[in-house]
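Here the structure comes first, spelled out in structure tokens, and everything after it is commentary.
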Amino acid sequence: MPEPTGASNFIRDIVAADHAAGKHGGRVVTRFPPEPNGYLHIGHAKSICLNFGIAHDTPGGLCHLRFDDTNPTTEDPEYVRAIQDDVRWLGFDWQDKMFFASDYFEQLYDFAVRLIRKGKAYVDNLTAEEMRAYRGTLTQPGKNSPSRDRSVDENLDLFRRMRTGEFADGTHVLRAKIDMASPNINLRDPVLYRIRHETHYRTGRTWCLYPAYDYAHPLSDALEGITHSICTLEFEDHRPLYDWVVEQAEAPHRPQQIEFARLNLTYTVMSKRKLLELVEKKLVSGWDDPRLPTIKGLRRRGYTPEAIRAFCDHIGVAKRDAIVEMQLLEHFIREDLNKRVPRVMAVLRPLKIILDNYPEDQFEELEAVNNPEDPSAGSRKVHFSRVLYIEQDDFREDPPKQFFRLTPGREVRLRYAYIIKCIRVTKDPQTGEVIELRCTYDPTTKSGASHEQRKVKATIHWVSASHAVKAEVRLYNPLLVTDLAKVPPDHDWTTYLNPNSLERITGCLVEPSLRQTVPGTRYQFERLGYFCTDSDSASGTLIFNRTVSLKDAWAKIEKTHASR
RNA sequence: UGGGGGAUCGUCUAGCGGUAGGACGCCGGCCUUUGGAGCCGGCUACCUAGGUUCGAUUCCUAGUCCCCCAGCCA
């Protein structure tokens with residue numbers, strides 16, 4: 001990515017101004033600080049694009065990848081691996097700047113001792129419930145803990161013993177001594193350290209004392225020389241605490257925290273808690289379920305890093321809460337895939353047609369363009385023969401107004417092939433279902449052969465019955481039937497899951513060129529949408545995921561017909 | 001009824017006292033061997049009320065509405 005990656009926004013403006021003014025010694029260092037307790041989603045991509053993008057576009061700029069692993073109960077190396085993989089896949093490079101907050105535990109401990117010596121922190125042995133009671137409420141000030149005036153020596157001794165494992169979980173915490181009457185609740189002597197007799201995925205049993213976010217984060221930033229610590233809006237009123245910690249600990253640097261609004265998308269979930277719930281309750285197949293807005297899910301679904309980056313650049317960065325429409329994301333993947341992926345013919349719901357006047361033992365190989373947007377993509381041969389399959393949707397015995405496709409007695413063109421006419425409809429005598437069409441083809445209308453005068457209203461796709469390959473296709477619809485923001489928070493959000501979010505279609509037929517496809521390969525199935533070979537394909541049967549449909553003018557017309 | 005933030009087209013977003021712009025979406029049209037793509041045109045917005053000013057989305061005042069904060073999560 002040699003070119004600048006992102007549009008201007010208020011954070012880029014601040015960073016650029018600071019850089020121009022020589023603030024922070026002319027350095028610009030950002031960081032992306034995930035906690036390894038879940039998989040990354042597109043909201044993280046926004047932050048990744050912002051942080052890595054700023055570093056990329058600033059001369060000498062750097063962006064650290066830092067795992068904020070201060071809670072041993074939820075974190076796992078599986079997540080560390082997945083996060084690295086996703087950041088890399090998105091196209092970003094942390095060079096040698098990968099860090100772990102857990103590597104700072106010793107230094108963080110020393111800073112805490114300094115705070116205690118300065119009388120800025122104390123060990124408290126109130127229970128969690130007592131502490132809540134002492135904290136006061138939004139409108140009433142809190143009360144000082146009885147432990148608040150312990151001597152420095154006693155605090156030092158207690159804190160040392162907290163570290164050596166003398167105390168049980170929850171019996172003691174280290175608290176900042178700030179102001180129990182502060183109107184900002186975050187400043188009412190927040191917890192800095194808590195005891196957790198747990199195995200940490202990196203430090204093992206070395207520690208039973210773990211730093212809290214509000215303590216570890218600013219100091220990790222300071223230790224790494226982060227200049228601009230970019231986070232989301234909910235941390236805005238933590239900023240005074242962030243600044244307090246850095247100042248009172250006499251940290252080597254003073255990073256600047258800047259907040260922006262997190263990304264929300266319509267008809268999906270973006271909270272780690274909810275995503276975890278879906279995975280754990282097996283409401284989806286895993287973190288990479290293509291219905292999920294996780295990076296892994298989007299990737300399996302067929303999204304490209306380029307499209308995700310373009311999306312992130314275009315949604316902007318601001319401070320107002322926003323819900324971006326899914327159609328915008330879809331726009332960027334269509335735009336990207338339209339230019340780069342080969343066209344191919346596939347029939348999802350086959351309807352057999354027989355060309356009565358086409359010799360039974362004959363077949364042809366017709367020239368098909370691979371990508372009209374990209375002449376260098378070349379062309380391929382497609383097999384044509386007497387028995388074909390077309391899409392059930394492309395035939396109507398009793399066509400509604402504006403339906404241009406095949407109907408009894410009407411002509412349409414078969415893509416890359418001939419004009420055909422439907423002369424007879426065969427139905428199942430029991431169900432009345434259309435099971436076969438008899439057609440004739442016009443040999444003078446071969447695609448590209450001449451500039452025939454005949455105009456047909458539609459061109460439809462098809463596959464040759466004797467050449468086509470069977471496949472399964474998975475269609476994805478929105479995860480939710482509504483936006484959670486519009487719904488009362490009190491009842492179970494999973495009741496708003498879309499029961500039709502996954503539609504599996506078996507018995508699809510695809511052109512034989514797809515026989516050797518490998519998982520992850522993307523195509524446009526002509527007139528249907530963009531698809532990619534699923535990883536489950538490895539087992540033998542071909543399986544394709546629909547990344548996104550093509551824009552469908554007819555569906556729109558039909559919808560307005562229906563609503564009249 | 002404490003504190004911190006935020007209000008601009010349907011949805012995102014620009015604007016920094018001087019004609020409210022862009023993208024998505026939507027609606028028309030052109031074009032088309034994908035009802036795709038492309039092209040052209042159109043649609044719709046400054047939370048309210050006062051004030052300052054020649055002029056206010058922008059500055060001031062008073063409201064209204066929305067979001068966040070009372071984890072030993074991050």
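So you know, we letter chains A, B, ... as the sequences are listed, proteins then strands, and number each from 1.
- A straight line from NE2 of A/His238 to P of B/G5 spans 13 Å, rounded to a whole angstrom.
- Looking at the side chain of A/Ile315, the nearest of the listed nucleotides B/C12, B/G2, B/C72 is B/C12.
- Interatomic distance, A/Asp221 CG to A/Asp68 CG, rounded to the nearest 0.5 Å: 8.5 Å.
- Looking at heavy-atom distances under 4.0 Å, A/His172 makes no contact with the nucleic acid at all.
- Base pairing of B/A49: its partner is B/U61, meeting the Watson-Crick or G-U wobble criterion (both donor-acceptor distances under 3.5 Å).
- Note on A/Glu259: nothing from the nucleic acid sits closer than 4.0 angstrom, heavy atoms only.
- Contact annotation for A/Tyr193: no contact, since no heavy-atom pair falls under 4.0 Å across all strands.
- The gap from the C1' atom of B/A23 to that of B/C43 amounts to 15 Å, rounded to the nearest Å.
- Among the heavy atoms of the strands lying under 4.0 Å from A/Glu35 are primed sugar atoms or P, OP1, OP2 only; no base atom is included.
- Looking at A/Arg405, its side chain comes within 3.5 Å of the base of B/G35 through a donor and an acceptor atom.
- Less than 6.0 angstrom separates the ring centroid of A/Tyr109 from the ring centroid of A/Phe159.
- A gap of 9 Å separates the P atoms of B/G25 and B/A37, to the nearest Å.
- Rounded to a whole Å, the CZ atom of A/Arg334 is 12 Å from the P atom of B/C24.
- Ring pair A/Phe235/A/Tyr213: centre-to-centre distance below 6.0 Å.
- A distance below 6.0 Å separates the ring centres of A/Phe544 and A/Phe525.
- Residue A/Pro372 is in base contact, counting any heavy-atom pair closer than 4.0 Å across all strands shown.
- Using cut-offs of 30° and 60° on the angle between ring planes, the pair A/Trp207 and A/Phe105 is perpendicular.
- Of the residues listed (A/Asp69, A/Leu108, A/Thr203, A/Asn71), the one engaging A/Tyr210 in a side chain to side chain contact (heavy atoms under 4.5 Å, CB included) is A/Thr203, and it is the only one.
- For the P atoms, the distance linking B/G36 with B/C26 amounts to 12 Å, nearest Å.
- Using a 4.5 Å heavy-atom threshold, the side chains of A/Thr73 and A/His200 count as separate.
- A gap of 12 Å separates the C1' atoms of B/A20 and B/A56, to the nearest Å.
- For B/G35 and B/C47, the P atoms lie 43 Å apart once the distance is rounded to whole Å.
- The partner of B/G38 is B/C30, by the rule that a Watson-Crick or G-U pair needs both atom distances under 3.5 Å.
- A close approach under 4.0 Å does occur between a side-chain nitrogen or oxygen of A/Arg527 and OP1 or OP2 of B/G35.
- Counting non-hydrogen atoms under 4.0 angstrom, A/Glu373 reaches a base of the nucleic acid.
- Base-pair partner of B/G2: B/C69 (Watson-Crick or G-U wobble, both distances under 3.5 Å).
- An OP1 or OP2 oxygen of B/U34 is reached within less than 4.0 angstrom by no side-chain nitrogen or oxygen of A/Arg413.
- Pairing for B/G18 goes to B/C54, judged as Watson-Crick or G-U wobble with the two contacts each under 3.5 Å.
- Remark: C1' of B/C69 and CG of A/Asn184 are 8 Å apart, rounded to the nearest angstrom.
- Each of A/Asn125 and A/Thr139 has a nearest nucleotide on RNA chain B; the 5'-most of these lies closest to A/Thr139.
- Looking at the side chain of A/Phe403, the nearest of the listed nucleotides B/U34, B/G35, B/C12 is B/G35.
- In this structure, A/Leu126 reaches the bases: a heavy-atom distance under 4.0 Å links it to at least one base atom across the strands shown.
- Following rounding to the nearest Å, A/Asp189 (CG) and B/G71 (C1') show an atom-to-atom distance of 16 Å.
- Between B/G2 and A/Arg188, no contact under 4.0 Å exists linking OP1 or OP2 to a side-chain N or O.
- Atom OH in A/Tyr134 sits about 17 Å away from atom C1' in B/C72, given to the nearest Å.
- Using Watson-Crick or G-U wobble geometry with both donor-acceptor distances under 3.5 Å, B/C24 finds its partner in B/G10.
- When the P atom is used for both B/U33 and B/C9, the distance is 41 Å, rounded to whole Å.
- OP1 or OP2 of B/A14 sits under 4.0 Å from a side-chain N or O of A/Arg320.
- Among the atoms of the strands shown, only primed sugar atoms or phosphate atoms (P, OP1, OP2) are found under 4.0 Å from some heavy atom of A/Thr70.
- Within the 4.0 angstrom heavy-atom criterion, no nucleotide atom of any strand lies near A/Arg239.
- As judged by a 4.0 angstrom heavy-atom cut-off over every strand, A/Ile557 is placed among the base-contacting residues.
- Phosphate contact (OP1/OP2 of B/A37, side-chain N/O of A/Lys551, threshold under 4.0 Å): present.
- Contact annotation for A/His331: backbone-only contact, meaning every heavy-atom pair under 4.0 Å involves sugar-phosphate atoms and none involves a base.
- B/A49 and B/G21 have their C1' atoms separated by 28 Å, with the value rounded to a whole Å.
- Here A/Val317 lies in heavy-atom contact (under 4.0 Å) with sugar-phosphate atoms only.
- Between the NE2 atom of A/His314 and the P atom of B/A14 there is a distance of 13 Å, rounded to whole Å.
- The base of B/G3 lies close enough to the side chain of A/Asp237 for a donor and an acceptor atom to sit less than 3.5 Å apart.
- Spacing of P atoms, B/C46 relative to B/U52, comes out at 23 Å, to the nearest Å.
- A/Lys556 comes within 4.0 angstrom of the backbone, heavy atoms only, and of no base.
- One finds no side-chain N or O of A/Lys319 lying less than 4.0 angstrom from the OP1 or OP2 phosphate oxygen of B/C67.
- Contact annotation for A/Tyr416: base contact, defined as any heavy-atom pair under 4.0 Å involving a base atom.
- Checked against the 6.0 Å centroid criterion, the rings of A/His64 and A/Phe32 do not qualify as a close aromatic pair.
- For the OP1/OP2 pair of B/G5 and a distance below 4.0 Å, the side-chain nitrogens and oxygens of A/Arg262 include no atom meeting the criterion.
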